[in-house]
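I have placed the structure first, in the form of structure tokens, so that the comments after it can refer back to it.
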Amino acid sequence: MENTNSPMLSPAEVFKANVQLEINRTKMPVAKMIFLGIFAGMFIALGAEGSSVAMHNIANVGMARTIAGSIFPIGLMLIVLLGGELFTGDCLLIMGVLDKKIKVLSMIRILIIVFISNLIGAVIIAYLVFLSGQFGYSNNLLGAFTIKVAMGKIDLGFTKAFTSGILCNIFVCGAVLMATAAKDVTGKIFACFFPILVFVVSGFEHCVANMYYIPAGIIALGNEAYKAKAMEAYGYTAEQLSGLNWKSFFINSSIPVTLGNIVGGMVCIGLLFWLIYGKKYDKSVKNLTSD
């Protein structure tokens, strides 16, 4: 039984609450899910663009990532407090599947719809940021930095992108569950802030964030001033920059990072959380929570 006087839910209560949210998600109209997915993609992209502005002219990598990490969590905060369907968080649907409350096909359908919707939302923000002239900051250095970030992400290689994706979604799904545990707005904000701060500082890969970072880099590359600045500031050749395109976005980054995010969310968090607090161990959970 939930302790109504507690400022937070217990882990066992979080499991039950999350599964119920997942069941409700399967009953959501497709149009609403699409709009919520676009919402989430936009919110994560806004956190990403703000973090890029903050770090683009800082030489010290640790300091730059720490500052970026303090800004990027606004995306998840907006989703938690205003609503949104985020692909990485929705990997927790696996708990409902394992608990036999959700069908596998329903989970797959939701993940596909949300993934595409997140992409639409993130690309919309990337184009709007480009049109706003923001990439011209610091004598076009922000545009060059945007290209640099995208280049770094498509050049990771499958193994690095995949494992980085796993590590990233351990933090993201942990943050989602912590936000579910918190009963007040302040608790939810802190639950979003610290795990996401650490994943950004660590440089791990998030497929939805990359739906902003890489398309933004591709868009910036189409501007000759930003392209020239990237070649001047970071030593890229025209041949190297030609490798930044939509094909490399999907093949080099989106596929391995998304697979890694799925493993991190479904296996490292979802499966283990179910094994500890799911129906199979319901008696032991009751004993633990009654102590």
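No hydrogens, no waters, no symmetry mates; every other heavy atom, side chains included, goes into these values.
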Any side-chain heavy-atom pair from [X] and [Y] closer than 4.5 angstrom?
X	Y	result
D99	F15	yes
F35	S117	no
L46	I74	no
W246	I218	yes
Y277	S10	no
C168	N261	yes
F273	L92	no
L141	Y234	yes

Hydrophobic clustering (ILVMFWY, side-chain heavy atoms < 4.5 Å, transitive) - are [Y] and [X] grouped together?
X	Y	result
V257	I251	no
L36	V123	yes
L156	Y236	no
I71	V61	no
L119	I34	yes

Report, as yes or no, whether the 6.0 Å neighbourhood of atom [atom1] on [X] holds more than 12 heavy atoms from other residues, nucleotides or ligands.
X	atom1	answer
F190	CZ	no
M63	CE	no
F193	CZ	yes

- [ ] Take I219 and Y127 through the test side-chain contact (heavy atoms from CB on, under 4.5 Å) and record every step on the way to the result.
- [x] CA-CA 7 Å; I219 295 167; Y127 271 109; 3.7 Å; yes

Which atom names give the shortest non-hydrogen contact between [X] and [Y], and what distance separates them?
X	Y	result
G89	V176	CA-CG2, 4.3 Å
V30	I113	CG1-CD1, 4.1 Å
G133	Y226	O-OH, 4.5 Å
C192	A179	SG-CB, 4.4 Å
T66	L197	O-CD1, 3.9 Å
S70	P73	C-CD, 3.8 Å

Task: L271: which of I276, L98, V263 passes side chain to side chain contact (heavy atoms under 4.5 Å, CB included) - done: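 For L271, the side chain to side chain contact (heavy atoms under 4.5 Å, CB included) check succeeds only for L98.
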
Open item on the list: I need the single residue from L105, L111, I110 that forms a side chain to side chain contact (heavy atoms under 4.5 Å, CB included) with M107. Which is it?
Closed with: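 The option that passes is L111.
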
State plainly whether the residues [X] and [Y] are in salt-bridge range, i.e. N to O under 4.0 Å.
X	Y	answer
K16	E13	no
E205	K160	no
K101	E22	no

At what distance, to the nearest 0.5 angstrom, does [atom1] of [X] lie from [atom2] of [Y]?
X	Y	atom1	atom2	answer
M178	F194	CE	CZ	9.0 Å
K183	K188	NZ	NZ	10.5 Å
I67	H56	CD1	NE2	12.0 Å
L21	T26	CG	OG1	11.0 Å
S254	M211	OG	CE	5.5 Å
F249	K153	CZ	NZ	11.0 Å

- [ ] Determine, stepwise, if the pair F115 / T258 fulfils side-chain contact (heavy atoms from CB on, under 4.5 Å).
- [x] CA-CA 10 Å; F115 186 90; T258 300; 3.4 Å; yes

Task: Candidates F171, F72, F204 - the one meeting ring-ring contact (aromatic ring centres under 6.0 Å, His included) with F199 - done: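 It is F72, the one option of F171, F72, F204 that forms the ring-ring contact (aromatic ring centres under 6.0 Å, His included) with F199.
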
Check: [X] side chain, [Y] main-chain N or O, donor-acceptor pair, under 3.5 Å:
X	Y	value
S248	G243	yes
N118	G37	yes
N169	T88	yes
S132	V129	yes

- [ ] Evaluate the side-chain contact (heavy atoms from CB on, under 4.5 Å) criterion for residues I170 and I269: first the C-alpha distance (whole Å), next the side-chain angles of each, then the deciding distance (0.1 Å), finally the verdict.
- [x] CA-CA 6 Å; I170 291 174; I269 296 293; 4.0 Å; yes

TODO: Using side chain to side chain contact (heavy atoms under 4.5 Å, CB included) as the criterion, list what pairs up with M42, not counting sequence neighbours.
DONE: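 By the side chain to side chain contact (heavy atoms under 4.5 Å, CB included) rule, M42 matches I38, I125.
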
- [ ] Please report the C-alpha distance between L81 and I189 in whole Å, then the side-chain angles of each, then the deciding distance to 0.1 Å, and finally whether the side-chain contact (heavy atoms from CB on, under 4.5 Å) criterion is met.
- [x] CA-CA 9 Å; L81 297 178; I189 288 173; 4.1 Å; yes

Task: F39 and F43 aromatic centres sub-6.0 Å - done: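 Distance test on ring centres: under 6.0 Å, yes.
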
Open item on the list: Pairing donors with acceptors under 3.5 angstrom, does anything connect the side chains of S52 and Y137?
Closed with: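 Side chains of S52 and Y137: no pair found under 3.5 Å.
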
